[in-house]
Amino acid sequence: GLIYPDRKDQMWIWDAGQRARPQPLPDEARSIRSDGYGVDYEKGCTRIVRLQPSAQIETVTELCGVRGSSLSPTADKVLTDNYEVYDTRTQRLVQSLNVPDELHGHLDTPVWEGTDSLVFNVTNWDWYRQNGQILYDGFIVRCHTTTGECERASQKFSTRNGAPQVVMP
C-alpha cells in the first residue's frame, strides 16, 4: 500500500489493489519507512515493526535494554543511540562502532550503505549564526558495521557562503 501524511501530520495507508478507503495509522507508525518497516522504542525495548496493509503494526522482533535509532535497509540490523549495531534476527550485538569521543553529539541521522556501512554527516562542528541563518563547517564519516572502524569519508565542507562548499582542512 501507499503510506502518506496529510496536512495535519496524520499518517495514512491506502491499499490501491484492494480499492479500500485509506486507513489512518496509529501514532506509533511515524517511524515506518516506505518499505513498511520501522523502529519503535517503548518501555525500555526497541521494537522492529512492520506495517500490514490492514493498517495494523506487527512486531517483527524486540530487543530490550537497547535504544535502537536506525534500521538497515534489509531490516536485519539496527543501530543504537550509543553506536552499537545489533542483529535483529538473533538479537545479538554485532559490533560497537569506534566513533571518536569528540564526534559524539555531532553525528546526524545515518544513511545506510547496504548493511555493511553507514555514513554520518558531522554538523554543528563550528556553527554560528549570521543574518538569522545557521552556518557550519562539517564533513562525512563512514562507519563499517562488520569491523566497527570509522573513517573520515569527505573533505571538510562549509555553508558559510550559502550552499555547502569544500574547504581546505
Side-chain angles (χ1 to χ4, degrees), residues 1-15 20 22-125 127 134 136 138-154:
L2 174 68
I3 303 168
Y4 64 95
D6 64 15
R7 292 183 180 158
K8 298 177 184 173
D9 287 332
Q10 168 67 51
M11 298 297 289
W12 296 81
I13 186 170
W14 179 46
D15 189 356
Q23 300 291 315
L25 295 176
D27 286 341
E28 65 183 348
R30 293 194 186 283
S31 72
I32 301 292
R33 305 182 308 205
S34 61
D35 66 356
Y37 284 91
V39 179
D40 184 34
Y41 183 75
E42 183 178 283
K43 298 178 185 171
C45 294
T46 294
R47 293 185 316 142
I48 308 306
V49 296
R50 181 172 46 219
L51 180 64
Q52 301 299 311
S54 64
Q56 300 298 311
I57 304 289
E58 170 193 30
T59 298
V60 176
T61 191
E62 192 171 70
L63 298 112
C64 291
V66 297
R67 186 179 186 98
S69 58
S70 181
L71 190 60
S72 70
T74 54
D76 64 338
K77 292 180 183 169
V78 65
L79 176 70
T80 68
D81 286 348
N82 59 348
Y83 309 113
E84 293 178 327
V85 179
Y86 280 82
D87 184 311
T88 60
R89 295 164 301 193
T90 65
Q91 301 178 351
R92 293 188 179 179
L93 176 66
V94 173
Q95 193 61 253
S96 293
L97 300 181
N98 296 321
V99 176
D101 290 341
E102 64 269 16
L103 296 183
H104 286 231
H106 295 285
L107 300 179
D108 283 349
T109 304
V111 174
W112 287 81
E113 298 181 306
T115 58
D116 293 334
S117 65
L118 331 99
V119 291
F120 298 89
N121 185 19
V122 181
T123 59
N124 294 333
W125 192 248
W127 71 274
I134 294 179
Y136 60 89
F139 53 91
I140 305 296
V141 170
R142 175 177 290 111
C143 295
H144 302 276
T145 61
T146 52
T147 64
E149 294 303 313
C150 294
E151 63 199 10
R152 187 165 159 173
S154 78

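- Atom OG1 of Thr61 is separated from atom CZ of Arg89 by 10.5 Å, given to the nearest 0.5 angstrom.
- Using a 4.5 Å cut-off on side-chain heavy atoms (C-beta onward), His104 and Val99 make contact.
- Here the side chain of Lys77 pairs a donor or acceptor atom with the backbone of Thr115 at under 3.5 angstrom.
- Rounding to the nearest 0.5 angstrom, the gap separating the CG atom in Leu118 from the CD atom in Glu113 is 8.0 Å.
- To the nearest 0.5 angstrom, Ser69 atom OG is 8.5 Å from Tyr83 atom OH.
- Minimum heavy-atom separation, Glu62 to Gln91: O-NE2, 2.9 Å.
- Side-chain contact between Val60 and Val49 is absent, with no heavy atoms from C-beta onward closer than 4.5 Å.
- Ile140 contributes atom CD1, which lies 12.5 Å from atom CD of Glu151 (distance to the nearest 0.5 angstrom).
- Counting all heavy atoms, side chain and backbone alike, Leu97 lies closest to Cys150 at CB-SG, 4.2 Å.
- Summarising the geometry of Pro73 relative to Arg33, their closest heavy-atom pair is O-NH2, 3.3 Å, with the distance given to 0.1 Å.
- Nearest heavy-atom pair across Ser70 and Trp112 is OG-NE1, 2.8 Å.
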Q) Should Val39 and Val78 be marked as a side chain to side chain contact (heavy atoms under 4.5 Å, CB included) after you check the CA-CA gap, both sets of side-chain angles, and the distance that decides it? A) CA-CA 8 Å; Val39 179; Val78 65; 4.2 Å; yes

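- For the pair Glu149 (side chain) and Asn98 (backbone), a donor-acceptor distance under 3.5 Å is absent.
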Q: Report the C-alpha separation of Asp40 and Thr46 in whole Å, then their side-chain angles, then the decisive distance to 0.1 Å, and conclude whether the side chain to side chain contact (heavy atoms under 4.5 Å, CB included) test is met.
A: CA-CA 6 Å; Asp40 184 34; Thr46 294; over 6 Å; no

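- Looking at Arg92 and Asp87, no side-chain N of the basic residue comes within less than 4.0 Å of a carboxylate O on the acidic one, giving no salt bridge.
- Leu71 places a side-chain heavy atom less than 4.5 Å from the side chain of Thr88.
- Distance alone, capped at 3.5 Å, places no donor-acceptor pair between the Thr145 side chain and the Gln95 backbone.
- In this structure, Arg67 and Thr80 have side chains that are not in contact, with every pair of non-hydrogen atoms separated by 4.5 Å or more.
- Leu103 has its side chain out of reach of Phe120: every pair of non-hydrogen atoms, C-beta onward, lies at least 4.5 Å apart.
- The side-chain heavy atoms of Thr59 and Ile48, taken from C-beta on, include no pair separated by under 4.5 Å.
- In this structure, CG in Leu79 is found 9.0 Å from CD in Glu84, a value given to the nearest 0.5 Å.
- Annotation: the span from Tyr86 atom OH to Leu93 atom CG amounts to 5.0 Å, rounded to 0.5 Å.
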